[in-house]
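Each chain gets a letter, A, B and so on, in the order the sequences are listed, and its residues count up from 1.
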Amino acid sequence: MTRLLRARAAGVALLAASIAVTLAGCEQPGAVTSGASDASSVPSSVTSGETLTGELVVLAAASLTEAFTELGTAFEARHPELTVAFSFGGSSGLAEQVVAGAPADVFASASTSTMETAVTGLAEADVGGADDLSPTLFATNSMVLAVPRANEAAVTGLADLAREDVTFALCEAHVPCGTASAHILEAAGITALPVTYEKDVTAVLTKVRTDEVDAGLVYITDIDHTVTGIELPAEVNTTTSYPILALPEAPNPAAATAFTRFVLSGEGLAVLANHGFAAP
Amino acid sequence: MSRATPTRRRTAPRTIPALALVPAVLALAFLVLPLVGLTLRAPWGRLGEILTSTPVRQSLTLSLWTSLAATAIAVVLGVPLAWLLARGEFPARRLVQAAVTLPLVLPPVVGGVALLGVFGRCGLLGASLYDAFGITITFTPAAVILAQVFVAMPFLVVSVEGALRGADLRFDEAAASLGASRWTTMRRVTLPLIAPSVAAGAVLTWARALGELGATITFAGSFPGRTQTLPLTVYSALETDPDAAIALSLVLLVVCLAVLVVLRGHWLGQVTR
């Protein structure tokens, strides 16, 4: 699966690179000349003369796994001396790690409230420079009902979750996708309970993918060829915002700032859009 | 058996060179300090309130009864298995022995995935169970128990198998020569002989079952009161209420300490005998 992911990531990275060429042109009219087809001109325009080395550690919400893996590959291609390492997981767990002083450079969360937890925690821990942190929103996402490809339970919408014979999985209530799920079920007037509360959205997706449950609430961006997504009515669906932050105690501050900027750049946003994320 | 130990202890000189003492103390500090830290950070003032709150009581109750059930299953199935391994003659016995001890070293998450492969809704047995009776094991307390049996039963088997190997076969031969069947010999002679080891193995199995996390979260999911056992509550509470996580960890620590204190004498007796 990893190999498949890599192959796909590489493909999209190529695509992203070609988009970057055009977008970089938009941002810095002087930097890129008409020789945009010359790939070697891309790194210089993005790095703006700065050489990033060492390791960049990014803590990111589980729902960002695929998009950020691709962004990481693209970023590494631009900075050959830099290695990007990701730790994907439930946002609240990652926020906890950030506050506990995990040696990370960037934190990207799936909700503003978990980011708030991290920022407040850092300030309370008297981390230098933690008082004036300003996370930046870079994407929004909404939820969808995922069902296994076979869909033997014939789930067609939220109402089916109330059926006796239908089992479903949700994220734990304190993870952003869990908060959103609770919101949606309440709005839809469904009181049925899931059979399991999972640590993060990918865990919910896995339970659906392996056909262990009949349905699960996940992000729109999580839907791939392994599961079927059923759209939710707009009036019950919720939108979650994704903030990103270069951490104040980043072991690699230059790379942290550069990566954050890269995510917010035209190229970064294009990759995110490619994965179904909406602009903030 | 263990009564012989103290006399041995008195005769053996017990000193080690100073050079070895430094790393030894370091090792001890490394093992003990985290536990001291846990105790220091424990929210003593809120302890009562935390331990009696509904979610904690739910997971305590669930953990208690599932781990006891898992232990009972492990004893009923594990003792005969140990008997087979210790006394039975069959091909590829070493391979079987390795398979039995595998869960001891296997990452529990892998155990959970393996259990899904067998008892999951699309698993080897799980699929037929579901198709024929509409029964799903995953996400039920039964799944919790299966996960616990899987990771903990080897402790019982290994412990009982060792005792059976060490047990004096002449008692069995004497019983047989007096006309006792193999079943009677096992029941009236061998089992009473190894009873302390069965008990020790059972306590160890119970402690392991009580602490099971990886296989449970993978195979049984996490639902308060149904599949969210004590370790899963600790894992989840870490992100929402660290105080509660520490309080619960303290409970598990005390239980494990108690188990070890009870067992230490017995196991030492076994080893030095």
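For B/Phe223 and B/Phe139, the distance between ring centers is not under 6.0 angstrom. Taking the six-membered ring where the residue is Trp, the centroids of A/Phe68 and A/Phe138 are separated by under 6.0 Å.
Heavy atoms of A/Thr206 lying under 4.5 Å from chain B are absent altogether. Using a 4.5 Å cut-off between heavy atoms, A/Glu172 contacts chain B through its side chain alone, with no backbone atom that close. Using a 4.5 Å cut-off between heavy atoms, B/Ser222 touches chain A through backbone and side chain atoms alike. For a residue to count as touching a neighbouring chain, one of its non-hydrogen atoms must lie under 4.5 Å from one of that chain's; by this rule B/Thr218 touches chain A with the backbone only. B/Ile217 touches chain A through backbone and side chain together, each having a heavy atom under 4.5 Å away.
Salt-bridge formation is detected for the pair A/Asp214/B/Arg121: a Lys NZ or Arg NE/NH1/NH2 atom is positioned less than 4.0 Å from an Asp or Glu carboxylate oxygen. Using a cutoff of 4.0 Å between basic side-chain nitrogens and carboxylate oxygens, A/Arg209 and A/Asp224 are scored as salt-bridged.
No side-chain N or O of B/Ser159 forms a donor-acceptor pair with one of B/Glu161 less than 3.5 Å apart.
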